[in-house]
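Report on one structure; see the data block that follows.
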Amino acid sequence: MTSQQKQPVQVIAVTGGKGGVGKTNVSVNLALALADLGRKVVLLDADFGLANVDVLLGLHPTHTLADVMDGKCDLRDVLLAGPGGIKIVPASSGTQSMVEMSPIQHAGLIQAFSDLGDNIDVLIIDTAAGIGDSVTSFVQAAQEVIMVVCDEPTSITDAYALIKLLNRNHGMGRFRVLANMAHSPQEGRNLFNKLVKVTERFLDDVTLQYLGAVPYDEMVRKAVQKQRAVYDAFPRAKCSLAFKGMAQKIDSWPLPSTPRGHLEFFVERLVNHTGME
């Protein structure tokens with residue numbers, strides 16, 4: 001491996017189908033927990049209609065992805081410094097053109113990330129709610145998908161709808177499941193089992209892997225009120241410790257080794273990496 005050789009980047013999409021399951025909280029706190037392990041983490045707010053990562057962290061971006069898409073600046077110009085050394089790519093709120101991006105524009109944005117150079121080990125994508133084009137584009141372009149579910153009947157239904165769409169239309173077959181705001185470890189496990197049951201019944205070639213449960217914790221609300229991540233504001237909180245444990249698991253996941261033949265983030269690193277082994 002030469003000094004020019006760039007390592008593959010671990011690209012993780014955090015999604016869930018339904019709004020209100022806590023995807024943004026999960027994305028931000030996992031980003032901080034991974035940064036704590038010494039990883040260079042970039043967090044992409046991919047909710048183009050209702051950007052909220054910057055709001056959650058009390059940050060005030062001067063440029064957003066809308067400026068990148070309009071050609072006013074480069075992707076590296078919009079990077080915001082977040083807590084714990086993480087970098088954030090802020091989206092814009094209420095910009096119609098961002099919500100209505102075409103597949104070609106999504107592709108251009110995904111390719112633009114290649115310019116971030118060596119300053120990245122992990123890219124976490126906080127997707128929008130629902131099962132629209134932007135969600136499926138970004139989830140497909142990631143190597144790992146964390147499906148966030150919580151204890152609401154619609155949460156399992158919506159997560160299943162998204163898994164089914166990604167599996168049938170885009171050939172995706174492996175998903176990690178995180179139970180959020182769980183009132184007990186057993187509740188988290190039960191949610192996972194419910195999702196497995198419905199998936200096994202209707203989809204033959206889908207594998208679900210349980211990442212674990214983040215406990216329901218009042219400290220999350222307190223952190224949100226302070227406009228800080230709970231992992232940063234209350235590092236000893238129950239949920240912060242759960243994020244820490246999950247980050248250690250994620251850190252041991254294998255890095256991608258070969259391109260999969262469709263649009264994905266940092267694909268040239270996979271090509272280079274495999275070409276120079």
Side-chain angles (χ1 to χ4, degrees), residues 3 5-14 22-47 51-65 67-68 73-91 109-110 112-127 138 142-144 146 148 178 211 214 217 219-220 222-253 255-256 265-266 269:
S3 58
Q5 179 67 59
K6 291 177 185 175
Q7 283 294 339
V9 177
Q10 183 73 276
V11 184
I12 302 165
V14 177
K23 288 186 304 294
T24 300
N25 242 312
V26 166
S27 302
V28 167
N29 288 292
L30 281 179
L32 283 172
L34 283 159
D36 228 6
L37 295 173
R39 300 286 162 260
K40 290 180 278 198
V41 183
V42 174
L43 172 59
L44 164 62
D45 187 346
D47 190 341
N52 52 9
V53 169
D54 50 338
V55 179
L56 191 72
L57 293 173
L59 301 169
H60 305 285
T62 43
H63 297 293
T64 68
L65 274 179
D67 299 315
V68 177
C73 61
D74 291 337
L75 188 60
R76 62 182 65 214
D77 300 328
V78 305
L79 284 179
L80 275 179
I86 68 170
K87 296 277 198 304
I88 291 145
V89 178
L109 183 55
I110 288 164
F113 272 81
S114 297
D115 298 340
L116 291 182
D118 299 333
N119 302 323
I120 180 164
D121 298 317
V122 184
L123 173 65
I124 294 181
I125 306 157
D126 179 26
T127 71
F138 287 116
Q143 277 101 21
E144 298 283 353
I146 296 177
V148 181
L178 180 155
L211 178 56
V214 176
D217 192 337
M219 290 302 181
V220 173
K222 288 188 176 157
V224 168
Q225 284 167 342
K226 289 172 177 274
Q227 287 192 298
R228 287 176 70 190
V230 69
Y231 190 88
D232 175 40
F234 304 107
R236 307 302 304 162
K238 285 183 305 186
C239 66
S240 299
L241 297 174
F243 284 121
K244 196 181 190 74
M246 283 181 194
Q248 285 162 347
K249 272 191 195 175
I250 291 167
D251 204 41
S252 68
W253 289 351
L255 282 168
F265 284 97
F266 306 106
R269 293 204 189 189

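Quick note: numbers below take in every heavy atom, side chains included, and nothing from hydrogens, waters or symmetry partners.
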So, do Met246 and Val214 sit near enough that their side-chain heavy atoms are less than 4.5 Å apart? yes
Side chains of Leu30 and Ile12 in contact at under 4.5 Å (non-hydrogen atoms): no
Mark yes or no for whether [X], through its side chain, and [Y], through its backbone, hold a donor-acceptor pair below 3.5 Å.
X	Y	answer
Asp126	Ser27	no
Gln143	Val11	yes
Gln10	Asp121	no
Lys23	Val148	no

Please enumerate all residues that pass side chain to side chain contact (heavy atoms under 4.5 Å, CB included) together with Asp36, with sequence neighbours excluded. Tyr231, Lys244
Going by side chain to side chain donor-acceptor pair (under 3.5 Å), name the residues that satisfy it together with [X], two or more places apart in sequence or in a different chain.
X	value
Asn25	Asn29
Asp54	none
Ser240	none

At what distance, to the nearest 0.5 angstrom, does [atom1] of [X] lie from [atom2] of [Y]?
X	Y	atom1	atom2	result
Leu44	Phe138	CG	CZ	6.0 Å
Arg39	Asp251	CZ	CG	4.0 Å
Leu57	Leu43	CG	CG	8.0 Å
Thr24	Leu56	OG1	CG	7.0 Å
Leu178	Phe243	CG	CZ	7.0 Å
Leu211	Glu144	CG	CD	10.0 Å

Kindly give the heavy-atom pair with the smallest separation between [X] and [Y], and that separation in Å.
X	Y	value
Ala223	Ala229	CB-C, 4.0 Å
Ile125	Ala46	CG2-CB, 3.7 Å
Ala35	Val41	N-CG2, 3.8 Å

What side-chain donor-acceptor pairs closer than 3.5 Å can you find for residues 73-86, not counting sequence neighbours?
{"residue": "Arg76", "atom": "NH2", "partner": "Asp115", "partner atom": "O", "Å": "2.1"}
{"residue": "Asp77", "atom": "OD2", "partner": "Asp74", "partner atom": "N", "Å": "2.9"}

Salt bridge (charged side-chain N to carboxylate O under 4.0 Å, His left out) filter on Asp67, not counting sequence neighbours, yields none
Audit row: Phe265, Val9, side chain to side chain contact (heavy atoms under 4.5 Å, CB included) steps and yes/no: CA-CA 8 Å; Phe265 284 97; Val9 177; over 6 Å; no
Identify which one of Val53, Val42, Ile124 satisfies the side-chain contact (heavy atoms from CB on, under 4.5 Å) criterion when paired with Ile88. Val53
Please evaluate residues Val230 and Asp217 with respect to the criterion side chain to side chain contact (heavy atoms under 4.5 Å, CB included), reporting the C-alpha separation (whole Å), side-chain torsions for both, the decisive distance (0.1 Å), and the verdict. CA-CA 10 Å; Val230 69; Asp217 192 337; 5.5 Å; no
